[in-house]
Amino acid sequence: MNGYQSSLAGPAEAVRPWTVDADTSLQAVLDQPECHPLVCDSLTAVASWQIRVETPVRRALTSPRVAPRWVAALLALGASVTVSGGSGSREVELALLLESRAAGRVLALHIPPGGVGRRWGQACVARTPADEPIVLACAVVEMDGQTVQQARAALTGVWPQPVRLARAPSQLVGGGLDEASIQAVASALMQEVEPRDDYLGSAEYRRAMAGVLAWRALEQCLGGEGGGR
Amino acid sequence: MSGDSTTCVTLTINGEERTLRVGRSTTLLDALREASYFSVKYGCGVGDCGVCTVLLDGQPVHSCQIRAADAAGREVTTVEGLEPVVKGVAGAADVAYLHPLQRAFVEVGAIQCGYCTPAQILVAKALLERNPDPTEREIREALSGVLCRCTGYVKIVQAVRLAAARMRGAEEPSFAPVEATLAPGQSPANVLGEFYRARPLDAPLPPLVISPPDLEAMHVVGQPDVKVDGVKLAVGRPVFTDDIKLEGMLYGALLTSPHAHARIRRIDPSRARALPGVRAVLTHHDVPRIKYASGGQSYPQPPPFDQVGLDDKVRHVGDRVAVVAADTPELARRALRLIDVEYEVLPHVLDAEEALSPGAPVIHDEVDTEGIYDAQRTIVHRIGADAGVSAAAWARVDHVFEGEYRTAQQQHANIEPHVCITTWDEDGRLVVRTSTQVPFHIRRMLSPLIGLPVKRIRVVKPRIGGGFGNKQELILEDLCAHLTIATGRPVQMIYTRHQEFTSSRSRHPPVMRFKIGVTDEQEVVATELELIGDTGAYGTHGLTVQMVAGQKALTLYNAPYSKFACDVVYTNKPTPGAFRGYGAMQCFFGLETLMAEIADRMGWDVVAFKRKNWIKLGEELLIAQALGEGREGFEQVIASSGLDQCVEVGLEAMRWYQKRGQRSSDPDGEAKGHIRHGIGMAVMLHGSGIAGLDMGSATIKMNDDGSFNLLVGATDIGTGSDTILAQIAGEVLGVPVDDFIVTSSDTDFTPFDKGAYASSTTYISGGAVRKAALDVAEQIKEHAASMLGLPGADGLHLRDRQVIASDGTSLTLAQVALSSLHQHDQHQIIASASHMSYTSPPPFAAQFVEVAVDIETGQFTVERVLMAVDAGRIINPITASGQVEGGLQQVLGFAHCEEMVYDQSGRLVNPRLGPYHIYKCNEMPELEVIFVQTDEPTGPFGAKSIAEISMDGIAPAIADAIHDATGVWLREVPFTPERVWRALQAL
Ligand code: FES
Ligand code: FES
């Protein structure tokens, strides 16, 4: 069901970042064989074929309400963007762009390569299976053997736009990934979010869901190497 | 076209290079419609509904989201451009002419109103070009961007599968209804065969039609005929209200209130009037103050008459303030922004219970409204009725159970918005072309408002893009007419989607308190229902919806004593009105949930408990006489019921007793993880028309070739009523549906009918058609007898387009027609008949659902729905199952997610189809439909109604299933994740 989506086995991991021109439509992104399963899932889950055809990557990134689920997946994957500025173009983290800490016209999107130790998971709650999630959590963990090298979590529905939460997942880095560490991160995430009430759910509910869903997304990362469970 | 500067755009449309003059911001949707590609529809203008879909270089896009200028040099495909298999103009029955997708859509019954059909077909075309053999899931994913409010998507998906198989040359899947006739003494549960299903399958099963052993066989009635309007809808012909352009037509626009409650202190239209191209601006100073009620009901309409065309007071956000007519829609919208309005904002109330409390704002303080029960306390109506002897009944009761239930304000979300075009004809009569369910009521109601006698008004109903009750109302017609009268020119008015939410109608959101007394022997001996009905800013259907609610809820278990007490109150919300289910479905949620809870608390088998108490064949509807619809009712007795069989067959098909009470994580497993499965059920009844009130009529006229014109006032709004009425006539006259030219609902040319509401068309209008057909049949036989030199018509019968004598001699109907028109005893074979009924025989049904509940988030998924229904004899199993499937989609939304939510100022926070959310194709559960036929003695060929009953039991069945899965009872609809989660937290 929609509230619990595990990733499918991914393609062989690329060694270079996957770069997509910002004028590319979301449908063209989906149609590319390199499209990461997390990205594919998040594009097909809610955005219709028509929206995917008519929405270029640039618009989806700068108006993240168009495809919040996809943006959350990108945040969790650690995506960056090339933006043009007064002094030429530069690459910045997507998270910074969304937090309005970087400006400029988006020229390209880059999704970093993942090694064999990359694991990911995604979980959400929505009114119905094809409705926009009330809260969604996306987690990506880069493992080196049994040790977490990097951990990223992104959520929708706990801020006005998709957000990458840095503090709580960083607790995992350098340690192992197990039920206890996941629980600690999920609890910390609940404290880190600042949801607001709206007609889909109260702040209290959203905060509780942030914990539940982050736990589930991370728990999927406990699955086999190379992908979510 | 936009008022901004124009440019020429050259693009290829359906293989033909076209240069269009467009404004810089003109959408591709507007440009295509301006160029007469009318198959491309407007549904929302913001990318939510998908009915504007066209293919741009072979890929589906929302034409409302693309600027026409951006399509320059590109290839656009609309449904008009689909290559037919056979060149030429396809007639109504020429499905073989069509592109395989269009043909499949017609053949499997994927088209109801047809408003979404062109978009569905185009998306399917694009899909099959990418993937000629898609899975059901891939089809559903592809189609998920086009909303349909009529079909439940079942037959749309089937049509795509059928077309895909044909186009690949593969074996064609069959979706034809399955028929099963019972042997004497055989239980319907024994014929299920393939309906046994342990786990969800990939594809749903076709409808099953079960006949009792003694049901007479028919030739035309009961056949899965294709809809008489299917071909024209599939090829995208311009058949809807807005699919015409009249010379000199102006565009109307409505200014609505930004406040929930305010007095208009000053309104100055002078700046708007000064704008070049603006032809009229009307405010309350310009429109006569004539009181009316907007609900399209029979004469005399129920009180109160609490509306006027344009008022100096507004009572909800979205209420009417002023109207404009201008040369273009953009100019009209600009003019609205130039109208200066000074409001005195008044205190408002949004909650019905608060409205009843002392000191609440008085919403109707005007002196000229009559018929409000207590205007100072905002009580529009106080309704009370009971049946039986209270003291005697309560004295027998061993246990008393009470429950309070609430349901939300649901919007119809008809995909075609309200739209109307008015114009003067050459005789100085006003022609009103409008998307309505009630053309004859509109004509009568409009007359005093615009100061024209009925004889100077003609109302024409084209094809309607869905109504569901929302178009049983005078919404735009008076304003549009005022603009035509003011300007002397044709005027078109269409609601935006936002206005559909704020300024049309919706479902009444009641508060219901049930009290049920039972004995230790599981007998329900007393039922009381206290109801607070919230009618929003105006009364319209406020009285009748609540009366139907009480009548249906108190009839299902027909307790020896029952009592109904109801206050209908005003609030400052957009006005609820008629909506499929009409009060009954709200109350069945409360009633059936409480019945299930009683069984649970008493440790009784819920099915046995209900079966012991539900109303049975031969029993009188005890409350029906005291509680009619807007007035007292009539004595009625159940003359047909298949409820026992519906439940029996449903229990077996669902494997009820194997699954109930398992609370398992998967259908066969243990309770582990965070998912729990549950199964639930509800039973229900509805009505067939309004007893003693509804009247329909029909005229049948024979043509030279033995074909017939069937003229009906009945209003096909996508339900297929034109088709089933032709089948009823065809059964009598011995001809196929193809021999009828059906004309419905033009007040100049068709006889009166009350319109499409109250589940009345099959029963009431069908009764009229049958009578007219019997009369025509007699005329045919008499003429044939004289042609054959027989002394009389006895022994003649009609079959296969012939009149056949007992000795086998025969004449074709064409011979009879030619003779009667040209040769011998010349006269037109023609008859008209009317029909009304003092009974409203209830169809019965049982609905079953399976759910999976996430106990950590509160989200649940409906995995399977089965409805077993007794609607008497099924006239057409395709259209009937389509009615059920579409209703199920709507009620799933009602139970699960659909809710108009307001902020504190009274503004709707989700007035868009996206955030509001109606079920999409890729999230529908399996829907299964089983018809348990009975033979209703008062119905045409034994038919009862089918249109509304599918709405009645899903909410309580889901509540029952969630309880089965988790142990919590939900008492407020919709069951949002947070509501379920909170209930689980409180366990
Ligand atoms: S009209 Fe374009 S999506 Fe609704
Ligand atoms: S048939 Fe799809 S909206 Fe009516």
Side-chain angles (χ1 to χ4, degrees), chain A residues 1-5 25-28 30-31 40-41 43-56 59 63 65-66 123-137 157 186 195 197-216 219, chain B residues 47-48 50 52-53 56-57 59-63 65-66 119 123 126-127 130 140-146 673-675 852-854 856-863 892-893 896-899 901-903 909-910 914-915 917-925 974-978 981-982 985:
Chain A
M1 66 189 290
N2 196 29
Y4 190 77
Q5 291 206 340
S25 73
L26 296 183
Q27 181 63 36
L30 181 65
D31 286 342
C40 293
D41 282 357
L43 278 178
T44 51
V46 174
S48 68
W49 191 359
Q50 290 91 325
I51 289 175
R52 297 194 303 261
V53 169
E54 66 208 20
T55 308
R59 175 136 54 91
S63 309
R65 280 165 198 262
V66 174
C124 70
V125 59
R127 287 176 296 182
T128 67
D131 193 14
E132 197 62 60
I134 302 169
V135 178
L136 170 139
D197 291 342
D198 78 1
Y199 71 101
L200 291 174
S202 66
E204 181 195 359
Y205 177 69
R206 287 171 186 274
R207 184 183 298 281
M209 289 307 103
V212 169
L213 299 170
W215 188 91
R216 287 187 191 173
E219 198 255 354
Chain B
D48 286 340
C52 64
T53 296
L56 193 61
D57 296 333
Q59 301 229 66
V61 294
H62 299 112
S63 61
Q65 296 299 293
I66 307 268
V123 174
L127 172 69
R130 278 169 73 101
R140 288 182 176 275
E141 199 281 317
L143 295 176
S144 67
V146 184
H674 54 268
I675 301 297
V853 187
D854 183 329
E856 291 174 352
T857 65
Q859 181 178 345
F860 70 92
T861 305
V862 181
E863 298 191 322
L892 281 166
H896 206 166
C897 55
E898 292 184 40
E899 180 171 21
V901 183
Y902 300 89
D903 66 15
V909 302
N910 54 348
H917 194 73
I918 67 174
Y919 259 65
K920 297 178 179 178
C921 186
N922 58 342
E923 59 185 336
M924 287 298 296
F975 310 133
T976 59
E978 181 164 357
W981 178 77
R982 288 195 181 280
Q985 299 291 304

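Below, chain A is the first sequence line, B the second, and so on; all start at residue 1.
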Between [X] and chain A, which part of the residue has a heavy atom less than 4.5 Å away: side chain, backbone, both or neither?
X	answer
B:L127	both
B:V862	neither
B:E856	both
B:V901	side chain
B:P915	both

[X] side, atom [atom1]; [Y] side, atom [atom2] - distance, nearest 0.5 Å:
X	Y	atom1	atom2	result
A:T44	B:N922	OG1	CG	9.5 Å
B:Q59	A:Q27	CD	CD	6.0 Å
A:D131	B:I918	CG	CD1	11.5 Å
B:E923	A:T128	CD	OG1	3.5 Å

Contact part of [X] toward chain B, heavy-atom cut-off under 4.5 Å: side chain, backbone, both or neither?
X	value
A:S202	both
A:D31	side chain
A:R52	side chain
A:I51	both

Would you say B:H674 and A:R216 make side-chain contact, with heavy atoms under 4.5 Å? yes
For [X] and [Y], indicate whether the former's side chain and the latter's backbone hold a donor-acceptor pair under 3.5 Å.
X	Y	value
B:Q859	A:A126	yes
B:H62	A:Q50	no
B:E978	A:Y205	no
A:Y199	B:Y902	no

Nearest heavy-atom neighbours spanning B:P977 and A:V125: CB-CG2, 3.9 Å
Winner by heavy-atom pair count (cut-off under 4.5 Å) against chain A, out of B:T976, B:N910, B:V909: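 The candidate making the most pairs under 4.5 Å is B:N910.
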Top contributor to chain A contacts, counting heavy-atom pairs under 4.5 Å, from B:T53, B:L892, B:V146: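 Answer, by heavy-atom pair count under 4.5 Å with chain A: B:T53.
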Closer than 4.0 angstrom, basic N to acidic O: yes or no for A:E204 and B:R982? yes
